[in-house]
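So you know, we letter chains A, B, ... as the sequences are listed, proteins then strands, and number each from 1. Small disclaimer: the values here were computed from a predicted structure and weren't measured.
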Amino acid sequence: MSDRSPLVRGMRDLYAEELASIRIVESVFRDTLESYGYELIRLPTMERTALFSRGIGESTDAVSKEMFTLDDETESLSLRPEGTASCVRAVIDANLYRGNQPKLWYVGSMFRHERPQLGRYREFFQVGAEAFGFNGPDVDTELIRIVQDVWERLDVTNEITLEINSLGNTASRLRHRDALVDYFEGCRDDLDEDSQRRLEINPLRILDSKNERTQEIVERAPNMSDYLDDESRRHFDEFQERLARLGIHATVNHRLVRGLDYYTHGVFEWNTARLGAQKQVGGGGRYDGLCELLGGAPCPAAGFAIGVDRVALLRKEIGLKTPASTPDVYVLALSDEEEEYALQVASQLRETSSFGVRVHQGGGKAKARMRAADRSGASIALIIGAQEAADNQVSIKWLRINREQVTVPVTDLPTTLLTSN
RNA sequence: GUGGAUGUAGCUCAGUGGUAGAGCCCCGGAUUGUGGUUCCGGCUGUCGAGGGUUCAAAUCCCUUCAUCCACCCCA
């Protein structure tokens with residue numbers, strides 16, 4: 001094994017069913033997002049480390065201990081741990097939001113240096129969408145509706161629950177934060193170690209601690225909802241009303257705080273009970289201050305990110321099959337003599353139809369050739385023996401349905417196949 | 001990053017110190033122009049890697065790598 005170079009930890013080769021199921025998820029997101037008028041943006045995989053530490057937050061785990069960082073000659077670069085910071089940077093760089101309200105979506109690899117597990121990889125795939133320039137909760141609601149549409153189309157609606165919360169605007173958030181710090185300081189010694197540390201750097205995060213003792217303390221902690229000012233409260237109320245009008249069920253979870261620092265107002269998470277500790281399949285919210293924080297003109301914005309791998313795993317978990325792609329037609333000569341003719345038939349069929357046509361290679365006896373046709377997954381075998389080659393014909397054998405084999409002139413092939421099914 | 005479990009054929013696994021196994025898969029034949037069923041025959045391994053103990057190691061010990069589970073974190 002020493003001269004082999006094995007797969008890097010947390011990385012995967014994707015093929016066959018696993019790849020097919022990831023592609024299904026991505027393509028449903030693509031179709032749905034485009035049907036809502038969102039435009040694809042392709043973002044770089046690497047950015048300056050500073051973009052993430054400023055945009056996502058120095059104190060977040062994603063930035064402080066999970067980034068793949070490399071030092072270039074003059075600056076520190078990192079593989080992106082998420083997509084929002086890049087997207088905002090791109091919008092600022094090209095000034096896309098001047099006199100405009102761009103709605104963008106992206107898909108691609110994200111990287112986090114964590115200990116891998118099923119559903120948690122060091123390179124994983126996210127689909128995300130971001131809408132810039134809209135203040136109201138109408139956009140927030142649309143984002144959620146888009147994702148709910150996708151769950152519908154992927155047949156996972158019943159497996160996924162939506163939780164929402166409001167972090168309020170900056171002023172509300174700060175007042176709540178102060179109240180939290182006061183409260184937790186009073187019982188500091190009863191908190192678990194992690195939470196004590198968070199008290200200094202990110203007190204909000206104590207709220208979603210899983211430590212039992214800490215949770216008891218959190219039960220009585222000041223609620224964000226009591227600190228929302230009028231603007232924040234109106235925003236959140238309208239958000240909930242709009243969701244209700246669409247018939248989207250969302251549970252308010254006052255302890256839902258997002259792991260990344262940039263969120264304000266409405267935040268949301270999609271969870272599933274099927275994936276153990278990797279239960280979160282997506283999340284998002286509003287981040288009105290981020291554009292300004294990253295050096296652009298102030299601009300309200302909201303977005304979501306979905307873990308494509310986890311949605312694909314969830315579908316597998318509940319028994320939804322996604323067959324790998326297979327050829328439609330398998331062309332085989334019965335012996336070497338007819339192979340030239342078989343090649344001609346195949347290329348003619350490719351030109352005159354949109355079938356995926358695979359030609360038998362590697363020789364073998366008729367039995368072996370037929371077996372290869374079967375194994376390829378093709379639904380139709382085009383069989384060419386000496387007789388067919390001499391008469392400019394082919395024999396059509398349906399491999400997956402009960403239908404009698406027929407022999408037709410090559411010129412009739414496309415029409416016969418199209419009416420076959 | 002912390003704790004734990006696991007790693008033997010392409011796959012699922014049995015094998016706890018004494019000649020590396022089973023089922024499935026694959027290949028060939030029965031059926032010399034027809035797959036998927038059946039029957040017969042056959043192939044398949046650096047026992048994750050490196051080191052140690054022993055007459056002898058898949059088995060015991062150490063190290064290491066990977067996967068999985070929980071924590072952590074998030075998607």
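The same atom, P, is picked in B:G29 and in B:G36; the two are 13 Å apart, to the nearest Å. Separation of the P atoms belonging to B:U8 and B:C47 is 11 Å when rounded to the nearest angstrom. Comparing the same atom, P, in B:A20 and in B:G48 gives a spacing of 15 Å after rounding to whole Å. B:C11 and B:A5: their P atoms are spaced 25 Å apart (whole Å). For the C1' atoms, the distance from B:U19 to B:G52 is 25 Å, rounded to whole Å. Separating the P atom of B:U59 from that of B:G3 is a span of 25 Å, rounded to the nearest Å. Remark: the separation of the C1' atoms in B:G17 and B:A58 is 10 Å, to the nearest Å. Using atom P as the reference point in both B:U2 and B:C60, the two lie 26 Å apart (nearest Å).
One can place CG of A:Leu382 at 13 Å from C1' of B:U34, the figure rounded to the nearest angstrom. Distance, A:Arg369 CZ to B:U32 P: 15 Å, rounded to whole Å. Per the geometry, CZ belonging to A:Arg371 stands 16 Å off P belonging to B:U31, to the nearest Å. When the C1' atom of B:U32 is taken as reference, atom CD of A:Glu337 falls 14 Å away, rounded to whole Å. If you measure from atom CG of A:Asp309 to atom C1' of B:C74, you get 13 Å, rounded to the nearest angstrom. Whole-Å rounding puts the A:Tyr262 OH to B:C74 P distance at 11 Å. The nearest whole Å value for the distance from the CD atom in A:Glu404 to the P atom in B:G35 is 16 Å. Taking atom CG of residue A:Asn402 and atom C1' of nucleotide B:U37, one finds them 14 Å apart after rounding to whole Å.
Remark: A:Arg89 engages A:Glu47, A:Asp93 in a salt bridge (Lys or Arg N to Asp or Glu O under 4.0 Å) (not counting sequence neighbours). Considering only residues two or more places apart in sequence or on other chains, A:Thr69 meets the side-chain hydrogen bond (donor to acceptor under 3.5 Å, both in side chains) condition with A:Ser78. Residues that satisfy the salt bridge (Lys or Arg N to Asp or Glu O under 4.0 Å) test with A:Arg400, not counting sequence neighbours, are A:Asp374. Residues meeting the salt bridge (Lys or Arg N to Asp or Glu O under 4.0 Å) test with A:Asp336, sequence neighbours left out: A:Arg369. By the ring-ring contact (aromatic ring centres under 6.0 Å, His included) test, A:Tyr263 pairs with no residue at all, sequence neighbours left out. The ring-ring contact (aromatic ring centres under 6.0 Å, His included) check on A:Tyr183 picks up nothing, with sequence neighbours excluded. Scanning for ring-ring contact (aromatic ring centres under 6.0 Å, His included) contacts around A:Phe29 gives an empty result, with sequence neighbours left out. The salt bridge (Lys or Arg N to Asp or Glu O under 4.0 Å) check on A:Glu219 picks up A:Arg255, with sequence neighbours excluded.
Going from atom CG of A:Asp31 over to atom CG of A:Asp149 covers 12.0 Å, rounded to the nearest 0.5 Å.
Under the Watson-Crick or G-U wobble criterion, with both distances below 3.5 Å, B:G3 is paired with B:C69. Taking a pair to require two hydrogen-bonding distances under 3.5 Å in either a Watson-Crick or a G-U wobble arrangement, B:C60 pairs with B:G52. Taking a pair to require two hydrogen-bonding distances under 3.5 Å in either a Watson-Crick or a G-U wobble arrangement, B:C24 pairs with B:G10. Nucleotide B:U38 has B:A30 as its partner under the Watson-Crick or G-U criteria, with both atom distances under 3.5 Å. Pairing of B:G17, defined by two Watson-Crick or G-U wobble distances under 3.5 Å, is not identified with any nucleotide.
With contacts defined as side-chain heavy-atom distances shorter than 4.5 Å, the pair A:Leu290/A:Leu294 qualifies. In this structure, A:Thr157 and A:Glu159 have side chains that are not in contact, with every pair of non-hydrogen atoms separated by 4.5 Å or more.
When each of A:Asn271 and A:Lys397 is assigned the nucleotide of RNA chain B bearing its nearest heavy atom, the one mapping closer to the 5' terminus is A:Lys397.
Residue contacts for A:Arg205: at a heavy-atom cut-off of 4.0 Å it reaches the sugar-phosphate backbone alone, with no base atom in range. Using a 4.0 Å heavy-atom distance criterion, A:Ala373 is classed as making no nucleic acid contact. Residue A:Glu269 is classed as having no contact, given no heavy-atom separation below 4.0 Å to the nucleic acid.
Among the nucleotides B:G35, B:A75, B:U34, the one closest to the side chain of A:Leu334 is B:U34.
With hydrogens and angles left out, the side chain of A:Asp374 and the base of B:G35 share a donor-acceptor pair within 3.5 Å. Applying the 3.5 Å distance criterion, the base of B:G33 shares a donor-acceptor pair with the side chain of A:Glu388. Contact of A:Arg310 with B:C74 (side chain to base): a donor-acceptor pair of N or O atoms is detected under 3.5 Å.
With a 6.0 Å cutoff to the six-membered ring centre and a 45° limit on the axis angle, A:Lys397 does not count as a cation-pi contact of A:Tyr330. Cation-pi geometry between A:Arg42 and A:Tyr106 is not met at under 6.0 angstrom from the ring centre and within 45 degrees of the axis.
No side-chain donor-acceptor contact under 3.5 Å links A:Thr141 and A:Asp138. Side-chain contact, A:Tyr121 with A:Gln278: no donor N or O sits under 3.5 Å from an acceptor N or O. A:Gln393 and A:Thr407 share no side-chain donor-acceptor pair at under 3.5 Å. No side-chain donor-acceptor contact under 3.5 Å links A:Glu18 and A:Ser21.
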Every protein N/O within reach of nucleotides 23-25 of chain B N/O, cut-off under 3.5 Å:
none

Sort me out a list of protein N/O and nucleotides 38-43 of chain B N/O pairs below 3.5 Å, or just none if empty.
none

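Listed in residue order, the members of residues 55-71 of chain A having a heavy atom less than 4.0 Å from RNA chain B are A:Asp61, A:Glu66.
Under 4.0 angstrom from either OP1 or OP2 of B:A75 there lies at least one side-chain N or O belonging to A:Gln280. Regarding contacts with the backbone of B:G1, every side-chain N or O of A:Arg122 stays at 4.0 angstrom or more from both OP1 and OP2. Side-chain N/O atoms of A:Lys279 include none lying less than 4.0 angstrom from OP1 or OP2 on B:A75.
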Nucleic acid footprint by protein, nucleotides 64-71 of chain B - heavy-atom cut-off 4.0 Å, B for base, S for sugar-phosphate alone: --SSSBBB

